[in-house]
Amino acid sequence: MGTVGELLRQWRQRRRLSQLDLAIAADVSARHVSLVETGKSRPSADMVLRLAEQLDVPLRDRNRLLLAAGFAPRYDERPLGTDALAPARDAVARVLRAHEPYPALVFDRGWNILMTNRAVDRFFAGVAPDLLRPPVNLVRLGLDPRGLAPLVVNLADVRAVFRARVRRQLATVPDAGLTALYEELLAPGSLGDDGPAEPGRSIAAESDVVIPMIIRIDGRELRLFSTITTFGTPMDITLDEVAIESYYPADAESAAYFTDGAVSEAAEG
C-alpha cells in the first residue's frame with residue numbers, strides 16, 4: 001500500500017500541485033506537508049482528511065490513506081439496494097422516472113449499470129442475452145458487436161469519447177478492473193475498433209458532459225446527447241462513485257420518436 005506520506009505525494013503529483021500549493025489550500029505550512037510526505041511527521045486522522053479533501057481524493061482512497069496512517073476507515077461502502085441508502089436510491093429513481101420518455105441510467109465507477117428507466121428497455125431488444133446478465137457493463141454493452149454497436153452510426157466517435165473518459169479516470173485513480181476494460185474494448189485494435197472517427201458524423205464535439213451519439217433503430221435515425229449527474233456531497237463510497245447518465249434528443253425528429261403514442265405507451269407498460 002505504501003506509507004501515508006508516499007500516497008499523499010502521489011495524489012499531489014497527480015493533481016499537479018506543489019507542496020506549497022497544497023499547504024496554502026489546506027492552511028498548513030509547506031514544511032509540515034514535506035515532513036508528512038517524507039514520513040518524518042505522523043499526521044492525525046483529521047490532517048489526513050484535510051489534505052485528502054484539498055487533493056479531491058475519492059472516498060475509497062481516503063479510506064486507504066487513513067489505513068496507511070494507522071487509523072480506521074471513515075467511509076462505508078454499502079450496496080445501493082440497502083436500507084441505509086434508501087433515501088438516495090429513491091431520489092435517483094425519481095430522477096430516472098422524471099426523465100421519461102427519454103432514456104436514463106445509473107452506473108458505477110466500473111461502468112456497471114445499476115438502475116435504468118423504462119425508456120431504456122426497447123434498446124436492449126436485440127442485445128445478446130449474456131451481455132444483459134448482471135453486472136451489465138455500459139461500455140461493453142455500447143461497443144460490443146453483439147450489443148448496441150450495430151445500432152450506433154457514429155460508433156468511432158462514441159468509442160473515442162468513452163476512451164477519453166476512461167483514460168482520465170485511470171490517470172486520476174489507477175484501477176485494475178478499469179484497465180482490463182480499457183484493454184478489452186477501448187485500446188487501439190481492441191474488439192470492434194474500426195479506426196478513427198468518420199468526419200462529419202458527430203453531432204457535437206467531444207466533452208465531459210455531452211456524448212455525441214447517432215442511433216439507427218426502427219427505421220429511424222436518432223440524434224442524442226447525454227449529460228452526467230453525480231452526488232454533490234456523498235459520505236458513502238457507493239454514492240461517491242455512481243453517476244446518472246440522461247439522454248436527450250438533439251432535434252425534433254428524434255424527440256418525436258420518444259414522445260409519439262407508440263413509444264410513450266411502451267415506456268408506461
Side-chain angles (χ1 to χ4, degrees), residues 58-59 76-127 131-132 134-142 147-148 151-152 158 161-162 165 169 203-218 220-269:
L59 300 190
D76 292 325
E77 181 179 10
R78 294 159 290 195
L80 196 56
T82 60
D83 291 342
L85 296 187
R89 184 179 65 254
D90 291 345
V92 170
R94 286 196 294 272
V95 171
L96 295 179
R97 288 195 300 270
H99 194 63
E100 294 174 355
Y102 307 125
L105 49 83
V106 181
F107 61 93
D108 62 20
R109 70 168 185 161
W111 297 82
N112 297 309
I113 298 176
L114 304 177
M115 300 170 65
T116 67
N117 67 7
R118 293 171 295 181
V120 171
D121 294 346
R122 67 185 298 107
F123 293 94
F124 292 169
V127 172
L131 292 178
L132 297 178
V136 179
N137 188 272
L138 179 58
V139 177
R140 182 172 292 107
L141 185 68
L148 299 178
L151 304 180
V152 183
V158 173
V161 174
F162 275 130
R165 288 169 63 182
Q169 279 184 270
I203 60 172
E206 176 186 334
S207 75
D208 288 331
V209 293
V210 178
I211 300 178
M213 184 177 296
I214 305 171
I215 298 178
R216 187 172 292 123
I217 186 171
D218 296 337
R220 299 166 74 171
E221 192 169 278
L222 310 181
R223 295 173 175 264
L224 309 173
F225 66 90
S226 72
T227 61
I228 305 294
T229 305
T230 60
F231 281 89
T233 55
M235 294 298 292
D236 181 278
I237 291 174
T238 296
L239 298 185
D240 189 43
E241 296 178 347
V242 300
I244 304 172
E245 185 147 25
S246 304
Y247 293 85
Y248 296 84
D251 53 38
E253 292 78 11
S254 299
Y257 174 82
F258 294 101
T259 57
D260 66 26
V263 175
S264 298
E265 290 173 4
E268 294 170 2

Any side chain to side chain donor-acceptor pair (under 3.5 Å) involving residues 77-97? Give me the pairs, sequence neighbours left out, ordered by first then second residue. R60-E77, R78-D236
Non-hydrogen atoms of P249 and L224 that approach each other most closely: CA-CD2, 3.9 Å
Closest heavy-atom pair, Y257 versus D218, reported as atoms and distance to 0.1 Å, is OH-OD2, 2.7 Å
First locate atom CZ of R118, then atom CG of L96, and finally report the distance between them rounded to the nearest 0.5 Å. 11.0 Å
Start with the C-alpha gap between L132 and L141, add the side-chain angles, then the distance that decides, and say whether side chain to side chain contact (heavy atoms under 4.5 Å, CB included) holds. CA-CA 8 Å; L132 297 178; L141 185 68; 4.0 Å; yes
Is the H99-Y247 ring centre distance short of 6.0 angstrom? no
Interatomic distance, I228 atom CD1 to I244 atom CD1 [nearest 0.5 angstrom]: 9.5 Å
Residue pair L239 / L80, side-chain heavy-atom distance below 4.5 Å: yes
Point-to-point distance, once rounded to the nearest 0.5 Å, from CD1 of I214 to CG of L222: 10.5 Å
Using a 4.5 Å cut-off on heavy atoms from C-beta on, say whether the side chain of M213 contacts that of L148. no
Please determine whether a side-chain nitrogen of the Lys or Arg among E253 and R220 lies less than 4.0 Å from a carboxylate oxygen of the Asp or Glu. no
Heavy atoms only: give me the nearest L59-M235 pair and the separation to one decimal. CD1-C, 3.8 Å
Closest heavy-atom contact between P79 and L85? O-CD1, 3.5 Å
Please find the pair of heavy atoms, one from P101 and one from T259, that lie closest to each other, and give the distance. CG-CG2, 3.9 Å
Could you tell me which non-hydrogen atom of F123 sits nearest to which non-hydrogen atom of L151, and how far apart they are? O-CD1, 4.3 Å
Donor-acceptor check, side chain of E245 to backbone of S226, threshold 3.5 angstrom: yes or no? no
Side chains of residues 102-110: which donor-acceptor pairs under 3.5 Å do they make with residues two or more places apart or in other chains?
| from | atom 1 | to | atom 2 | distance (Å) |
| --- | --- | --- | --- | --- |
| D108 | OD1 | G110 | N | 2.9 |
| D108 | OD1 | W111 | N | 3.1 |
| D108 | OD1 | N112 | N | 2.9 |
| R109 | NH2 | D175 | OD2 | 3.2 |

I'd like to know whether V242 forms a side chain to side chain contact (heavy atoms under 4.5 Å, CB included) with L114, so could you lay out the CA-CA distance, the side-chain angles of the two residues, the decisive distance to 0.1 Å, and finally the verdict. CA-CA 9 Å; V242 300; L114 304 177; 3.6 Å; yes
